[in-house]
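In this text, all values refer to a predicted model and were calculated from it rather than measured experimentally. Residue numbers begin at 1 in each chain, while the letters A, B, ... track the order of the sequences.
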Amino acid sequence: MSKFAAPKGVSEYFPPRSQNFEFVRNTLIGEAVVSGYQLIELPVFEDTELFKRGVGESTDVVSKEMYTFEDRGGRSITLRPEGTAGVMRSVIENNLDKGQLPVKIWYSGAFFRAERPQAGRYRQFYQVGVEAIGLSEPEIDVEVIAIADRAFKKLGLKKYRLDITSLGDASSRAAHRVDLIKFIEGLNLDDATAVRAKLNPLRLFDDKRPEISSAMSKAPVLLDYLSEESRKSFESVKSLLEDFGIAYQINPRMVRGLDYYTGTTFEFVHELLGAQSGIGGGGRYDGLMSQLGGADLSGIGFGLGVDRILLACEAEGIFSSDAVTSSLEIYLIPLGSENTKFVTNLLNQLRNSGVIADMSYGDRALKGAMKSADKSGAKYSCVIGESEISSGSLTLKEMKSGVTKEVRIDSLAQALKEI
RNA sequence: GUGGGCGUAGCUCAGCUGGUAGAGCACUCGGUUGUGGUCCGAGAUGUCGCGGGUUCGAGCCCCGUCGCUCACCCCA
């Protein structure tokens, strides 16, 4: 039992699973790069007010899930609960929106929400996200969705689906809101739920309690209130998704947890994940830039949950058995402690010439050292003792096949590169 | 914040109606003075989460506490 334990609800990745985590994250990033997105690296904490204004005070994220503290100068600081608000702040602050549009950027890192932990829900979690700012064409909506879909397919995921809807423009939402509030007033709700409904009536669509969800099944949905323009745009999105071969399902009751979404919104859901099944989601945000003091530009983006996507890959058996890969090229085994110094120096020379190498440290029995060589995953091993040093040549053993080969010690690095 | 489940070896877990702790895997050494994976043999490893109570006796029963976990609310 160690004296210290990690803070409650954080995810940690250590070998060998950290290799799979890295693989998932790099695959997600790779697809953003392929589509012309560039890296933005941001602070993990921001002015608390940024999230209140950007994400919305009525959201659960802002009202009860933020890690907020006061710094030494008396400023209110919050660990970022999501990525988009910070990106917008930086884009505005650094005038990225004054150049060529769209601005296409990706980010990756840790995010924080003070929730009760659960399978797939952590207080510190990892996202890869993209934002495309400055164009409102439906082609960009589909480009963004396609990045995520392509990454999931590349990872080998099969048991997921894409839910999509449109929240329309301001006039669409205003018309719907009137009718929805009228409908909700006719329901008999408990106090907490009534308060939530008042802050944002759309939230009730997301309630999983059977009495609420069955009542809400008769509620008017926003999709039926779309303006002509919004409807046309949504039609284009759907038609392009079909051209791209991306399967989707229209879900008019889908609700996103953040207030800034407008127009196209979407969510990727995995079947094998239990309660926390959303592996990524996003949408368009028309008013966000201007609300944060920037130009009145539209944008669209997503956040993908790296932790959950890793869980999904594991649930589908993607990293089955021998997925643990090692990049080690050679593993050196000194025989006899008097030869350790020679081997240590040889190891250093190999590394200096760029060979990925390791050795057996300590005076171990040969059998044990060979076992370590085996477990290291190195491609080759070699034993170096008295006779090798005096003859200047050693026996290189290919671990997988057991085939051996004589090599001069002074040309070992060269030999390994030629193989 | 609310509810359920679980805390025993490094890991996964067994442990009967209470009688002072076990398996598999992993680890170390040996069988095979200098060549791993298979096989065989041997060895090391525990404040049974913590505190209290009942009892002749508690891993097991009772109370408390801490931690983990799953679910609700909500979300990546």
A.B. asks: Considering residues at least two apart in sequence or located in another chain, which fulfil the side-chain hydrogen bond (donor to acceptor under 3.5 Å, both in side chains) criterion with A/Ser401?
C.D. replies: A/Glu398
A.B. asks: Taking only residues two or more places apart in sequence or in another chain, which ones pass ring-ring contact (aromatic ring centres under 6.0 Å, His included) with A/Tyr160?
C.D. replies: A/Phe152
A.B. asks: For A/Phe205, is the NZ or CZ atom of A/Arg253 found under 6.0 angstrom from the centre of its six-membered ring and inside 45 degrees of the ring axis?
C.D. replies: no
A.B. asks: Distance between the C1' atoms of B/G15 and B/G24, in whole angstroms?
C.D. replies: 15 Å
A.B. asks: Rounded to whole angstrom units, what separation is found between the CG atom of A/Asp374 and the P atom of B/G36?
C.D. replies: 10 Å
A.B. asks: What integer distance in Å separates A/Leu258:CG from B/C75:P?
C.D. replies: 8 Å
A.B. asks: When the distance from CD of A/Gln276 to P of B/A71 is rounded to whole Å, what number comes out?
C.D. replies: 7 Å
A.B. asks: RNA chain B: A/Glu398 or A/Val306, which has the more 5' nearest nucleotide?
C.D. replies: A/Glu398
A.B. asks: Rounded to the nearest Å, what distance is computed from the CE atom of residue A/Met254 to the P atom of nucleotide B/C75?
C.D. replies: 12 Å
A.B. asks: Just grab all the salt bridge (Lys or Arg N to Asp or Glu O under 4.0 Å) pairs involving residues 11-35 of chain A, residues at least two apart or on different chains.
C.D. replies: A/Arg17-A/Glu314, A/Glu31-A/Arg150, A/Glu31-A/Lys154
A.B. asks: For A/Ser230, which residues count as a side chain to side chain contact (heavy atoms under 4.5 Å, CB included) partner, sequence neighbours excluded?
C.D. replies: A/Asp169, A/Ser172, A/Leu226, A/Ser227
A.B. asks: What interatomic distance, in whole Å, is found between P of B/U54 and the corresponding atom of B/C63?
C.D. replies: 15 Å
A.B. asks: Would you be so kind as to tabulate the donor-acceptor pairs closer than 3.5 Å made by side chains of residues 380-387 of chain A, with sequence neighbours excluded?
C.D. replies:
none

A.B. asks: What's touching nucleotides 65-70 of chain B from the protein side, N or O pairs under 3.5 Å?
C.D. replies:
{"unit_1": "B/C68", "atom_1": "OP2", "unit_2": "A/Lys8", "atom_2": "NZ", "d": "3.0"}
{"unit_1": "B/C70", "atom_1": "OP2", "unit_2": "A/Ala119", "atom_2": "N", "d": "3.1"}

A.B. asks: In whole angstrom, what separates A/Phe266's CZ from B/A76's P?
C.D. replies: 11 Å
A.B. asks: Need one value for A/Gly402: base, sugar-phosphate or nothing, where a base atom within 4.0 Å counts as base even if backbone is also close, heavy atoms only.
C.D. replies: base
A.B. asks: What pairs of residues pass the side-chain hydrogen bond (donor to acceptor under 3.5 Å, both in side chains) test when at least one of them lies in residues 409-419 of chain A, not counting sequence neighbours?
C.D. replies: A/Gln414-A/Glu418
A.B. asks: Rounding to the closest angstrom, what is the interatomic distance between B/G59 and B/G19 at atom P?
C.D. replies: 10 Å
A.B. asks: Taking atom C1' in both B/C68 and B/G49, compute the distance separating them and give it to the nearest angstrom.
C.D. replies: 10 Å
A.B. asks: Let me know which of A/Thr27, A/Ile279, A/Val128, A/Ile29 forms a side-chain contact (heavy atoms from CB on, under 4.5 Å) with A/Val306.
C.D. replies: A/Val128
A.B. asks: Mind checking the P distance from B/C13 to B/C29? Whole angstroms is fine.
C.D. replies: 29 Å
A.B. asks: Take atom P in B/C16 and the same atom in B/U8, then report the distance between them in whole Å.
C.D. replies: 16 Å
A.B. asks: Round to a whole Å and report the spacing from CD1 of A/Ile309 to P of B/A76.
C.D. replies: 12 Å
A.B. asks: Suppose you measure atom C1' in B/G64 against the same atom in B/G7; what distance do you get, rounded to whole Å?
C.D. replies: 16 Å
A.B. asks: Starting from Watson-Crick (N1-N3 plus N6-O4 or O6-N4) and G-U wobble pairs under 3.5 Å, report the runs of at least three that RNA chain B belongs to.
C.D. replies: B:1-7 with B:66-72, B:10-13 with B:22-25, B:27-31 with B:39-43, B:49-53 with B:61-65
A.B. asks: Taking atom OH of A/Tyr67 as the centre, does the number of heavy atoms from other residues, nucleotides or ligands within less than 6.0 Å exceed 12?
C.D. replies: yes
A.B. asks: Which protein N or O atoms sit under 3.5 Å from an N or O of nucleotides 29-34 of chain B?
C.D. replies:
{"unit_1": "B/G31", "atom_1": "O6", "unit_2": "A/Lys367", "atom_2": "NZ", "d": "2.6"}
{"unit_1": "B/G34", "atom_1": "O6", "unit_2": "A/Ser387", "atom_2": "N", "d": "3.4"}
{"unit_1": "B/G34", "atom_1": "O6", "unit_2": "A/Ser387", "atom_2": "OG", "d": "2.9"}
{"unit_1": "B/G34", "atom_1": "N1", "unit_2": "A/Ser387", "atom_2": "OG", "d": "3.2"}
{"unit_1": "B/G34", "atom_1": "N1", "unit_2": "A/Glu388", "atom_2": "OE1", "d": "2.9"}
{"unit_1": "B/G34", "atom_1": "N1", "unit_2": "A/Glu388", "atom_2": "OE2", "d": "3.1"}
{"unit_1": "B/G34", "atom_1": "N2", "unit_2": "A/Glu388", "atom_2": "OE1", "d": "3.3"}
{"unit_1": "B/G34", "atom_1": "N2", "unit_2": "A/Glu388", "atom_2": "OE2", "d": "2.2"}

A.B. asks: For the side chain of A/Glu115 and the base of B/A76, is some donor closer than 3.5 Å to an acceptor across the two?
C.D. replies: yes
A.B. asks: Using salt bridge (charged side-chain N to carboxylate O under 4.0 Å, His left out) as the criterion, list what pairs up with A/Glu93, not counting sequence neighbours.
C.D. replies: A/Arg89
A.B. asks: Which atom pairs, donor and acceptor, lie under 3.5 Å between side-chain atoms of residues 353-360 of chain A and protein residues at least two apart or in another chain?
C.D. replies:
{"unit_1": "A/Ser353", "atom_1": "OG", "unit_2": "A/Gln349", "atom_2": "O", "d": "2.8"}
{"unit_1": "A/Ser353", "atom_1": "OG", "unit_2": "A/Leu350", "atom_2": "O", "d": "3.3"}

A.B. asks: Check if the side chain of A/Lys64 and the base of B/G1 share a donor-acceptor pair of N or O atoms closer than 3.5 Å.
C.D. replies: no
A.B. asks: State whether a side-chain donor-acceptor pair under 3.5 Å links A/Tyr13 with A/Asp307.
C.D. replies: yes
A.B. asks: Quantified in whole Å, what is the P atom distance between nucleotide B/C62 and nucleotide B/G4?
C.D. replies: 16 Å
A.B. asks: Measure CD/A/Glu65 against P/B/C72 and give the value in whole Å, please.
C.D. replies: 14 Å
A.B. asks: Closer than 3.5 angstrom, by distance alone: can the side chain of A/Lys238 be matched with the main-chain N or O of A/Tyr248 as a donor-acceptor pair?
C.D. replies: no
A.B. asks: Can you list the steps and then say if A/Ser136 with A/Ser298 is a side-chain hydrogen bond (donor to acceptor under 3.5 Å, both in side chains)?
C.D. replies: CA-CA 6 Å; A/Ser136 47; A/Ser298 180; 5.3 Å; no
A.B. asks: Give the residues of residues 122-132 of chain A touching RNA chain B, defined as any heavy atom closer than 4.0 Å, sorted by residue number.
C.D. replies: A/Tyr122, A/Phe125, A/Gln127
A.B. asks: Which whole-number value in Å describes the distance from A/Arg121 CZ to B/C75 C1'?
C.D. replies: 7 Å
A.B. asks: If we count only N and O atoms by modelled type, under 3.5 Å, do the side chains of A/Gln291 and A/Tyr285 hold a donor and an acceptor together?
C.D. replies: no
